[in-house]
Amino acid sequence: GVEVGPQPQGVVRADMLDKMRKIVKHGLDFVQLFNEGREFPPCTIEVFKIMEKVDYPRNKNDEVIAIIHPKLQDQDWQPLHNGDPLFLTLDGEVIAYKGDCTVYPTFINEAAYYEKKQAFVKTVKMKLTAKHIRSSVL
């Protein structure tokens with residue numbers, strides 16, 4: 001499957017449809033070239049590994065007591081450092097990120113994840129290296 005976003009639920013956006021078509025085409029081109037015996041050199045790619053799903057702060061009755069801080073809103077895939085604002089309580093108190101490493105939040109304040117008690121997902125940036133590949137079936 002291919003997920004391209006962000007995109008509101010039930011909405012079809014031309015720019016996202018175009019991105020989805022391009023990524024599917026690249027995938028199919030790769031499969032065709034691989035099946036034809038093309039050798040692909042080693043490569044390194046930067047990826048984001050999911051570390052933790054973070055819920056909204058809640059009270060003892062399981063009610064949400066803070067919202068995403070304005071400085072975090074719309075900052076998917078941007079670095080979040082120790083002390084950066086995460087949430088803002090309804091009383092105006094800032095709840096800061098307390099972590100020992102830089103993380104990259106994503107799916108920030110997504111409507112589809114409210115029911116899953118997920119304010120955002122913390123990811124860490126990593127590099128993956130792949131050896132060269134070539135189809136052995138010719």
Taking atom [atom1] of [X] as the centre, report whether more than 12 heavy atoms of other residues, nucleotides or ligands fall under 6.0 Å from it.
X: Asp100; atom1: CG; result: no
X: Ile133; atom1: CD1; result: yes
X: Glu39; atom1: CD; result: yes

- Message: Out of the candidates Lys25, His26, Gln32, only one should pair with Asp29 under the side-chain hydrogen bond (donor to acceptor under 3.5 Å, both in side chains) rule; please name it.
- Response: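 When Lys25, His26, Gln32 are each tested with Asp29, the side-chain hydrogen bond (donor to acceptor under 3.5 Å, both in side chains) holds only for Lys25.
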Any donor-acceptor N/O pair, [X] side chain to [Y] backbone, under 3.5 Å:
X: Arg58; Y: Glu63; value: no
X: Asp91; Y: Glu93; value: no
X: Thr129; Y: Thr44; value: no
X: Asn82; Y: Gly99; value: yes
X: Asp84; Y: Ala96; value: no

From [X] atom [atom1] to [Y] atom [atom2], the distance as rounded to the nearest 0.5 Å:
X: Arg134; Y: Glu36; atom1: CZ; atom2: CD; result: 12.5 Å
X: Ile68; Y: Ile95; atom1: CD1; atom2: CD1; result: 10.0 Å
X: Lys49; Y: Leu128; atom1: NZ; atom2: CG; result: 9.5 Å
X: Thr123; Y: Met51; atom1: OG1; atom2: CE; result: 9.5 Å
X: Leu80; Y: Ile108; atom1: CG; atom2: CD1; result: 8.0 Å
X: Asp62; Y: Lys117; atom1: CG; atom2: NZ; result: 3.0 Å

Looking at side-chain heavy atoms only, is the closest gap between [X] and [Y] below 4.5 Å?
X: Leu86; Y: His69; answer: no
X: Lys19; Y: Ile23; answer: no
X: Pro105; Y: Lys122; answer: no
X: Lys71; Y: Pro85; answer: yes

- Task: I would like to know whether Ile65 and Asn59 meet side chain to side chain contact (heavy atoms under 4.5 Å, CB included); could you show each step before the answer?
- Result: CA-CA 6 Å; Ile65 59 168; Asn59 64 18; 3.7 Å; yes
Exercise: identify the closest heavy-atom pair between [X] and [Y]:
X: Tyr56; Y: Ala119; value: CE1-CA, 3.4 Å
X: Ala66; Y: Phe87; value: CB-CB, 3.8 Å
X: Ser135; Y: Phe34; value: CB-O, 3.2 Å
X: Gln118; Y: Phe107; value: NE2-CB, 4.2 Å

- Under 30°, 30 to 60°, or over 60°: which ring-plane class applies to Trp77 and Phe48, parallel, tilted or perpendicular? tilted
- Please answer: with hydrophobic residues joined when any side-chain heavy atoms are less than 4.5 Å apart, are Ile67 and Val94 in the same cluster?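 Ile67 clusters together with Val94.
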- Consider only side-chain heavy atoms of I, L, V, M, F, W and Y, link residues closer than 4.5 Å, and tell whether Val64 and Tyr97 are in one cluster. yes
- Steps toward salt bridge (Lys or Arg N to Asp or Glu O under 4.0 Å) verdict (Asp18, Lys22): CA-CA 6 Å; Asp18 185 53; Lys22 285 178 182 174; 3.2 Å; yes
- Message: Could you tell me if Tyr113 and Asp55 have a donor-acceptor pair between their side chains, going purely by distance under 3.5 Å?
- Response: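 Per modelled atom types, Asp55 and Tyr113 side chains form no pair under 3.5 Å.
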- Can a donor-acceptor pair be found between the side chains of Tyr114 and Asn109 at a distance below 3.5 Å? yes
- Given side chain to side chain contact (heavy atoms under 4.5 Å, CB included), test Asp76 with Tyr104 step by step and report yes or no. CA-CA 7 Å; Asp76 295 78; Tyr104 298 81; over 6 Å; no
